Amino acid sequence: MNLLEEAIIYSTVMHQGKVRKITRSPYILHPIEVAQILSTMTDDMEIIAAGVLHDIVEDTDGTIREIEKRFGDRVALLVDSETEKDYPGEDRAATWRRRKEDSLQKLKSSTDEGVKMLWLADKLSNIRSLAGAYGEMGDKLWDHLHQKDPAVHQWYYRSIAEYVEMKLNKTGAYKEYVDRINYIWPGTFDSSKAKYKEYREIDVSGCERIGKGAKAEVFRYNDEMIVKVYNEKNTYTDIEREIALARSSFVLGLPTAISFGIVSVGKGYGAMFELIEAKTVSELIAKNPEHTDYYAGMMAEITKQIHSTKPNAEMKFPKASVYIDNWIKRARFDQKLEEELLQTAAALPVSEYLVHGDLHTGNVFLSNNEPLFIDVDRMSVGDPIVDLSSMYLFYVGYAELDPSIIEDFMGISAQTAKEFYNSFIRQYLATDDKSEIEKLDRKAALWAFVRLIGQIKKKPVSDKEKAIVDRLTEKVKEII
């Protein structure tokens, strides 16, 4: 027998006698349907076999170890990605939301396309069943489920659509999934998402990389165009939002590059920008370090222009305070310090003016001697400290962890970066008053260190990193 045949037989035996909750049909029909949906997206037999086996651990006596032994590491990993955490002794209805949030975190953090395919296939099978029952029963359907609130189900299915969209929105399975969501919850998604869409396909292999950030890389595509290629840390919705925010910023008179739309880059996506003979300010500083003071002044002027721009009421810019609150929560401080930081954040002056949200010289280009900024996905309304702390982090703060991070990220030495930051702050404040500069430095350092601690704690922390976290935490306590 081949892998798929063995998986079908094993799954049939393990699910013997079980039926689906709503339709009361034999349960085995569901994993077989999931495998069939997967076969429309891939010919990888391990992924398709995982579709047949995806409910074994959750709904039978089977274990991940047994699946690993019978079908291999890859199949076991895929099945595990779809297996919900168990809460023994607790009511299934009471733990519904918790179980879904735990599982969604696995999906959101995974870069494995097979995981995304498996999730999409399973949930498409489920929502086909839900949509059929909804057509027959209407809102009485929800009384038959552990979770009675249809709005919570909508949140769950919508979240999955957003997390798999970047990789799979070209597939028929994704289009059908969105269509079924909109059938049960009209208007959840733009109906165009359920229709065929042709993207311009481009290849960036061999293109010069001129910028790199946490969520994307920027390549020079030709003499007139650059392309920003998004990574797995984005959803497709993030890309659409960034393009919309860029257009709003342009309407407000800010010097931002306008995207010509989304393009297909391999299995991912990018946005094209026209930037004739453009270089990032990072590139220019690296090439002409003797002019660091001049480029710092340029950055100070564009920053002040952003910070003095007030959007129209109908423009939907988010609140920057959300980002600060997230920095605090990701740092996972003890309760007392977290509360102090949240109170400090809440006490920041209320502002109706814009902040960039991810300000640094890799996001600002000089095109025809005019500065233009990109990466506006975090453009928001709030206190300027959001941007000033970003500048501190990128040019000073990262040296606390490793100076080479600054050199790799910005393309300039840590020493030049520090000189650039000092000049930037002085020109931004338009003063040489040391007390004023030091006062702002401490505020910027506070939020930069909080953000850096959160970044370090995103993955397992080494002994060396723990020592850095402890040292930075003491600095945070001192400043606050």
Side-chain angles (χ1 to χ4, degrees), residues 10-11 13-31 34 50-68 75-110 115-116 118-131 133-134 137 139-164 181 184-185 325-326 328-330 332-335 338-339 457-460:
Y10 177 72
S11 186
V13 171
M14 296 300 287
H15 287 297
Q16 189 173 7
K18 297 181 181 296
V19 295
R20 295 283 275 166
K21 186 178 300 179
I22 298 172
T23 63
R24 311 308 293 173
S25 60
Y27 196 92
I28 188 61
L29 296 179
H30 167 60
V34 170
V52 177
L53 301 167
H54 76 278
D55 275 337
I56 292 292
V57 178
E58 215 171 276
D59 293 339
T60 79
D61 294 331
T63 65
I64 284 291
R65 183 168 293 182
E66 185 175 351
I67 289 175
E68 185 178 345
V75 174
L77 183 148
L78 290 165
V79 171
D80 186 59
S81 78
E82 265 255 294
T83 302
E84 291 185 352
K85 183 178 179 181
D86 194 19
Y87 290 90
E90 294 190 53
D91 181 70
R92 296 279 292 173
T95 63
W96 192 94
R97 178 92 185 214
R98 225 184 320 162
R99 288 184 283 111
K100 302 308 178 189
E101 287 175 342
D102 291 341
S103 296
L104 282 174
Q105 192 55 44
K106 289 186 192 177
L107 173 63
K108 184 178 181 181
S109 60
S110 176
V115 168
K116 297 182 188 301
L118 179 57
W119 270 78
L120 175 57
D122 178 34
K123 304 318 172 192
L124 173 54
S125 175
N126 286 344
I127 205 166
R128 281 176 177 174
S129 178
L130 274 182
Y134 185 74
M137 303 164 62
D139 287 333
K140 293 179 181 178
L141 162 67
W142 311 113
D143 295 334
H144 296 265
L145 304 176
H146 287 307
Q147 174 55 250
K148 312 298 182 187
D149 186 349
V152 180
H153 286 279
Q154 180 188 26
W155 155 78
Y156 180 59
Y157 282 101
R158 184 187 68 240
S159 297
I160 293 164
E162 291 174 347
Y163 294 157
V164 304
I181 291 174
I184 302 175
W185 301 283
D325 288 347
N326 285 339
I328 296 168
K329 290 171 184 175
R330 286 172 189 155
R332 304 199 304 274
F333 294 115
D334 62 63
Q335 185 177 352
E338 180 174 306
E339 288 176 355
K457 287 185 176 181
K458 280 196 301 186
K459 57 184 188 303

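Remember, it's a predicted structure, so these values are computed and weren't measured experimentally.
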>> Could you tell me if the side chain of Leu104 sits less than 4.5 Å from the side chain of Trp155, heavy atoms only?
In response: yes
> Arg20 and Ser125: which non-hydrogen atoms are nearest, and at how many Å?
Replying inline: NH2-O, 4.5 Å
> How far apart are the closest heavy atoms of Ile67 and Ala76, and which atoms are they?
Replying inline: CG2-CA, 4.0 Å
> Can you name the nearest heavy-atom pair linking Leu78 to Val115, along with the distance?
Replying inline: CD2-N, 3.6 Å
>> Counting C-beta onward and ignoring hydrogens, is there a side-chain heavy-atom pair between Arg97 and Val152 closer than 4.5 Å?
In response: yes
>> Taking NZ in Lys108 as the centre, count heavy atoms belonging to other residues, nucleotides or ligands within less than 6.0 Å. Is the count above 12?
In response: no
>> Ignoring hydrogens, what is the shortest heavy-atom contact between Gly62 and Ile56? Give both atom names and the distance.
In response: CA-CG2, 3.8 Å
> Below 4.5 Å, heavy atoms only, C-beta onward: do Ile328 and Glu338 meet side chain to side chain?
Replying inline: yes
> Would you call the rings of Tyr27 and His30 parallel, tilted or perpendicular if under 30° counts as parallel and over 60° as perpendicular?
Replying inline: perpendicular
> Are side-chain N/O atoms of Glu101 and Gln105 paired as donor and acceptor at under 3.5 Å?
Replying inline: no
> Is there any salt bridge (Lys or Arg N to Asp or Glu O under 4.0 Å) pair reaching into residues 50-65, and which pairs are they, with sequence neighbours excluded?
Replying inline: none
> Rounded to the nearest 0.5 Å, how far apart are NZ of Lys148 and CG of Asp139?
Replying inline: 13.5 Å
> Nearest heavy-atom pair of Leu118 and Val79: which atoms, and what distance?
Replying inline: CD2-N, 4.4 Å
> Is the side chain of Lys457 donor-acceptor paired with the backbone N or O of Arg332 at a distance under 3.5 Å, no angle test?
Replying inline: yes
>> Tell me every residue that passes side chain to side chain contact (heavy atoms under 4.5 Å, CB included) with Asp80, counting only those two or more places apart in sequence or in another chain.
In response: Ile64, Lys106
>> Could you check whether Trp119 and His54 have their ring centres less than 6.0 Å apart?
In response: no
> If you round to the nearest 0.5 Å, how far is CZ of Arg158 from CD1 of Ile160?
Replying inline: 11.0 Å
>> A side-chain contact here means heavy atoms from C-beta on lying under 4.5 Å apart; do Tyr156 and Gln147 qualify?
In response: no
>> Quick check: closest heavy atoms across Leu107 and Lys116, and the distance to 0.1 Å?
In response: O-NZ, 3.6 Å
> Say you draw a straight line from NE2 of His146 to OG1 of Thr95; how long is it, rounded to the nearest 0.5 Å?
Replying inline: 8.5 Å
>> With rounding to the nearest 0.5 angstrom, report the NE2 to CH2 distance, His153 to Trp96.
In response: 5.0 Å
> What distance do Ile127 atom CD1 and Ile184 atom CD1 have between them, rounded to the nearest 0.5 Å?
Replying inline: 4.5 Å
> Roughly how far, to the nearest 0.5 Å, is the CG atom of Leu29 from the NE2 atom of His15?
Replying inline: 11.0 Å
> Between Asn126 and Tyr157, is a side-chain contact (heavy atoms from CB on, under 4.5 Å) present by the stated rule, with each step listed?
Replying inline: CA-CA 10 Å; Asn126 286 344; Tyr157 282 101; 3.6 Å; yes
